[in-house]
Amino acid sequence: MSEQQTFYITTPIYYPSGKFHIGTAYTTVASDAIARYKRLKGFDVRFLTGMDEHGQKIQEKAQESGMHPQDYVNEIAESAKKLWDTMDISYNDFIQTTEKRHVDAVEKIFQKFLNNGDIYIGEYEGLYCVPCESYYTETQLMEGKCPDCGRDVQKVNEESYFFNMKKYADRLLAYYEDNLEFIEPESRKNEMINNFIKPGLEDLSVSRTSFDWGIKVPGNPKHVIYVWVDALSNYITSLGYGSDNEELFNKYWPADVHVVGKDIVRFHTIYWPIFLMALELPLPKKIFAHGFIMMKDGKMSKSKGNVVYPEMLIERYGLDATRYFLLRELPFGQDGVFSPESFVERTNFDLANDLGNLLNRTVSMMNKYFDGEIPTENLQETEFDAALKSHAESVRIRYEESMEKMQFSVVLSEIWSLVSRTNKYIDETSPWVLAKDEADRNKLAAVMNNLAESLRHIAVLIQPFMTNAPKQIMEQLGLDDKLLAWDTIETFGNVIPRNIKVVEKGTPIFPRLDAEIEVAYIREQMQGSVKTTQQEESTSVEAPNTEEISIDDFMKIDLRVATVLACEPVAKAKKLLKLQVDLGYEQRQVVSGIAEHYKPEELVGKKVIVVANLKPVTLRGELSQGMILAGSHDGILTLATVDPKLANGAQVK
RNA sequence: GGCUACCUAGCUCAGCUGGCUAGAGCAUUCGGUUCAUACCCGAAAGGUCGUGGGUUCGACUCCCUCGGUAGCCA
């Protein structure tokens, strides 16, 4: 027997910072689809996922909940595994970076870097945001605060080990050039070359002394190995690299593809290859960066109340519908938008109406015309058969091409073109007409056989994407799951055995949804997430801790009621809106940083409170004569409004 | 500010190395059908392919300008 070809695929290891939202599920489901496809095609597949469990933030979170960090991360790892099991993720290995197998190997890797002179000790200076675990340069800060979360940053000065990246820059570039498909989509490669490699790679800080929840630097336990050397290594430590048994490593490395989100492309396409070069190991064949699931109002965030959790969709609509939606609606590699409407429409149109109903009507006709048996003899071809067969054949070919490119949404549209074609075939052959004339009995038999065969092809083809439907289709057709093997669809027909009986009464495999009700339900679930955070937070609003002022101080501020007359965005400023306000005694222009919370048209006509005697300033070239009062909580900003009965110009005190 | 993309029917998007009347799904209108989860099939309508220029026998497809949007900038 010839040796089976291997295929090694990984997801990123995820950070245990709370419940996984649908974006994390997306990465994992997409990877699973590839893994399942490759298995179907006969590859010896190894599919790795796991958790990235070190770092200051985890240490602090664990402390907050009064737990040992190890117990804390173990708990989250368990819930992650539970979710992946719920989602039928066919992973072969789940690594936690706190496991001994990983820790031991990372120590060896770091030691090797030290021995080879790839790492030297120096001093790191930067502005650090603890919650984000990120360093920033002065220029990156937004108004002196963390550009990511808006919180304060602290100046940190610490001794640190550095990895000498420059040494490998040329080799890395050469690798890009020799392996054109190493980074996909290609635009990501350009970003890396233009932003990092061309201007000259900076050395990477690879240790920290400010916390100790991590793997200690060999021989210098004051330092822990900082995130990327630790995290990225999981792809090889999970295979036993650096252990006394490197069998798996020798078998599966180099990886065929690392699936990553677009946010971590840099680490996978620059640092990871360089680490591997330093270890004198082969480089992965491909890094595929997928896009993000966006909401209509931008990124998912708790404060916006637009977070979607996979469990909610799975519980109510089933796993297949959820997996299908993710892989069909978003072009893999690009950002895509989730909306309750699109989810319900996909489920109804594609799954219930097209596929589910096709199975249902087929089963029904088998029962009506052939006593439930799939005819396999005395088949008389109809004039429409050839077109159906050749369509099925061409779908399979295009499917394989797009699958290799990981264009899942394209693959699924291909499959659905066969679903459509089959529905059309029913219309063309009109079995209910054939059934009326005994002379057409053999034609009718052929039509039924073709329908069963077409559905069987569809069942085989959807296996990477859906895990229940293929079995359900086979069950309703009365066929053995062995006929789900890939090589059974290399030809169309002559595969279904004799004396097969379909179920007597087919139950729809995808129920049709009431669009109005379900859209409302999903929307409510999404907002549910914000309500609870607000409730939680409301008990922990920070107590005022500001200097007391006298009444005289307060009276210095001239607060006035005003009506917003007009409002428009300020050019080239994301946050600013330019408002014309009527103060009763005069009109003036105020520029306010509320563009992320209000649309200009929402504000026109609103009564607001203006600080009327604030010294005028020019913001982005626009004169601002005053300030609009607003309150903020948990990142949401809301204007302080007043009773419309108050006249413009009325003083507020 | 630098770099890189994108801007195609009401909506979401396909259109590779330039070449027949610019496509799909959804939505709309009309028609057909009853095996089926009021489903399915067909037809029609709908686009100055962001703007202005250039290259070419010929550009949605190449080049430049401008406008808009987005991504990346350790």
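Treat the numbers as computed from the prediction; the structure is a model and nothing was measured. We use all heavy atoms of the structure for the numbers below, so side chains are in, but hydrogens, waters and symmetry mates are not.
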Using 30° and 60° as the class limits, which term best fits the ring planes of A:Phe325 and A:Phe343: parallel, tilted or perpendicular?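 It falls in the tilted class, 30° to 60°.
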
With sequence neighbours left out, write down each residue that passes side chain to side chain contact (heavy atoms under 4.5 Å, CB included) with A:Glu191, or none if nothing qualifies. A:Arg188, A:Asn195

Separation of B:U69 atom P from A:Lys296 atom NZ, nearest Å, is 21 Å

With sugar-phosphate taken as primed atoms, P, OP1 and OP2 and all else as base, the protein-contact string of nucleotides 2-13 of chain B at under 4.0 Å (heavy atoms; B, S, -) is BSS---------

Return the pairing partner of B:U69 with a 3.5 Å limit on both distances, Watson-Crick or G-U wobble; otherwise return none.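 When the pairing criteria are applied, B:A5 turns out to be the nucleotide that pairs with B:U69.
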
Pairing partner (Watson-Crick or G-U wobble, both distances under 3.5 angstrom) of B:C16: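 When the pairing criteria are applied, nothing turns out to pair with B:C16, so the answer is none.
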
Give one of base, sugar-phosphate or nothing for A:Gly336, where a contact means two heavy atoms less than 4.0 Å apart.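 Nothing, no nucleic acid heavy atom in range.
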
Considering every strand and a 4.0 Å limit on heavy-atom distances, what is the contact class for A:Arg266: base, sugar-phosphate, or nothing? sugar-phosphate

For a quick check, tell me whether the side chain of A:Asn357 and the base of B:A36 share a donor-acceptor pair closer than 3.5 Å.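 For A:Asn357, whose side chain was compared with the base of B:A36, there is a donor-acceptor pair (under 3.5 Å).
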
Of all pairs that satisfy side-chain hydrogen bond (donor to acceptor under 3.5 Å, both in side chains), the ones with a partner from residues 354-368 of chain A, not counting sequence neighbours: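 Residue pairs with at least one partner in residues 354-368 of chain A: A:Arg361-A:Asn423.
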
Should we count NZ of A:Lys299 as having more than 12 external heavy atoms under 6.0 Å?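 No, the 6.0 Å shell around NZ holds no more than 12 heavy atoms from other groups.
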
I'd like to know if A:Glu518 and A:Arg316 make a salt bridge, using a cut-off of under 4.0 Å between side-chain N and carboxylate O. yes

Does a salt bridge link A:Arg346 with A:Glu341, judged by any charged N lying under 4.0 Å from a carboxylate O?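 Salt bridge between A:Arg346 and A:Glu341, a charged N being under 4.0 Å from a carboxylate O: no.
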
Hey, is the side chain of A:Ser420 poking within less than 4.0 Å of OP1 or OP2 on B:C41, counting only N and O atoms? yes

What integer number of Å spans the P atoms of B:G50 and B:A45?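 23 Å, rounded to whole Å.
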
Nucleotide nearest A:Lys368 when distance is taken to its side chain, options B:C39, B:A36, B:U33: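 The answer is B:A36.
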
Among B:U34, B:U37, B:A74, the nucleotide that comes nearest once only the side chain of A:Glu202 is considered: B:A74

